[in-house]
Amino acid sequence: TAHNVANANTPGYSRQQVILETSSPFPVPSLNKPGGAGQLGTGVNVAEIRRVRDAFLDHQLRAENGSLGRFEEQWKTLSQVETIFMEPTETGLSTILDQFWSAWEDLSNNAENSPIRTTLKELSKTLADTFNHLNSQLNTIINDINEITSIRLQEINTYAEQIANLNSQIAAIQIAGDQPNDLKDRRDALMDELSKLVDFSYKEDLSGVVTIELNGVPLVGKNEDGSFCHKLGFLNDNPLTIYCLNDSDMSATEISVSNGQLRGLSDARDLVESYLGNLNSYARTMADEINQLHQEGYDLNGNPGEDFFIVEPDNAAATIKLNSAIDNDVSLIAASSSSDSTKVGNGDNALKIYQLSRQVFDSGDLNGTSLNNYYKDFVARLGVAANTAKRNEANQQVLVEQLADRKESISGVSNDEEMANLIQYQRAYEAAAKIISVLDEMLYTIIHDLKR
């Protein structure tokens, strides 16, 4: 009772019960036993000190804890992506795109106007810079995910090493016939923490040793050939695949992770990479289509247009920029559809470029949609994914808290219950003391009073 009360607020502590059993009666049955009414009870023994734990509830909680870790990582990452795109706000990419296309429309109405050309030039540079910045930010998130994944692997290895050490201590104590309850609590607490990082299966043998496996590969325990899997890690610094590394023979077994923070980080990385691919597709298609039309038009000098944007197709969002020649001379913007010096200000080509934003493409990255709708669809997908991740995380948090409350109701310490037990033990002790007192008086009478 004192131990329970002292650890009432200790995380991971399981309340302990004293299991009582009757001691062996007297006499022992035999042919030469003394005569009498039969066996007499000799009192009570402490059979064991048992910790109160529900193994099935532990299994449930660890499984749901892994799902919580997965949803938490997804939500944290997607909330960062939402913050980067800042939609819908005045500083988001959609606002800059609207201003960019409107500048082409304005130019189509007044193609010779230098201030309008300058405005288009500056908006084009701003748009390119925005693509560059978004690309950089998304890549930063991907690099952060890879770094966090590496940190999580180190945490898993640390937990595994601590659990293995506790296994050795628990086995030694159980072989001696004792119950290492507090050590098992520490091991269970480590397994609870581990369950949030990665999904695993486990079993405990008769000696009290727990074997932990990741998709059939031992993390804590022995392989069939007697070797040990010591740690998780990457090969060749490639964060996309996790391996179980065996130091003894330098072997590596690929691990498939289906839950926990490791899976959440992997899913989040896949999502961010897909968004980065969407951004590249938009920037590449936009630049290619504008460049094609711009080359078909003519500038204020009656010369054919050059590429409006300079871009590397394989990495469009990171490399897109305004042609430096146009940046230095806005008269090179090919807004006209005619090389006739009297018609260089007709603005027909600028109108075609403006209409690109609404043109539905029949092939390529934007097959079946327009530039405007492609980005709107992208933002909508991001918003839905983020809201789904947030909702999943919130719902899973409620479920985990409910299971934790159930676990606490079974394994947690109730001071009221302990005080009731304390009174029960106190009254039992008082009764036992009274029996001893009565026996003492009876013996005194037999020894001293009867001899008179």
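By convention here, the first residue in the shown sequence is residue 1.
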Are [X] and [Y] close enough for a salt bridge, meaning some N to O gap below 4.0 Å?
X: Asp188; Y: Arg53; result: yes
X: Arg15; Y: Glu418; result: no
X: Arg263; Y: Asp267; result: yes
X: Lys76; Y: Asp144; result: no
X: Arg152; Y: Glu155; result: yes
X: Glu204; Y: Lys184; result: yes

Does some side-chain heavy atom of [Y] sit less than 4.5 Å from a side-chain heavy atom of [X]?
X: Leu371; Y: Glu289; result: no
X: Thr119; Y: Asp106; result: no
X: Met286; Y: Tyr375; result: no

Checklist entry - Aromatic rings Phe100 and Phe309: how do their planes relate, parallel, tilted or perpendicular, breaks at 30° and 60°? => result tilted
Next on the checklist: Main chain of Asn132, side chain of Ser136: is a donor-acceptor contact present, judged purely on distance under 3.5 Å?
Outcome noted: no
Next on the checklist: If I take atom CG from residue Leu127 and atom CG from residue Leu93, how far apart are they, to the nearest 0.5 angstrom?
Outcome noted: 6.5 Å
Checklist entry - Can we call the ring centroids of Phe378 and Phe85 under 6.0 Å apart? => result yes
Checklist entry - Side-chain donor-acceptor pair under 3.5 Å between Arg187 and Asn167, yes or no? => result yes
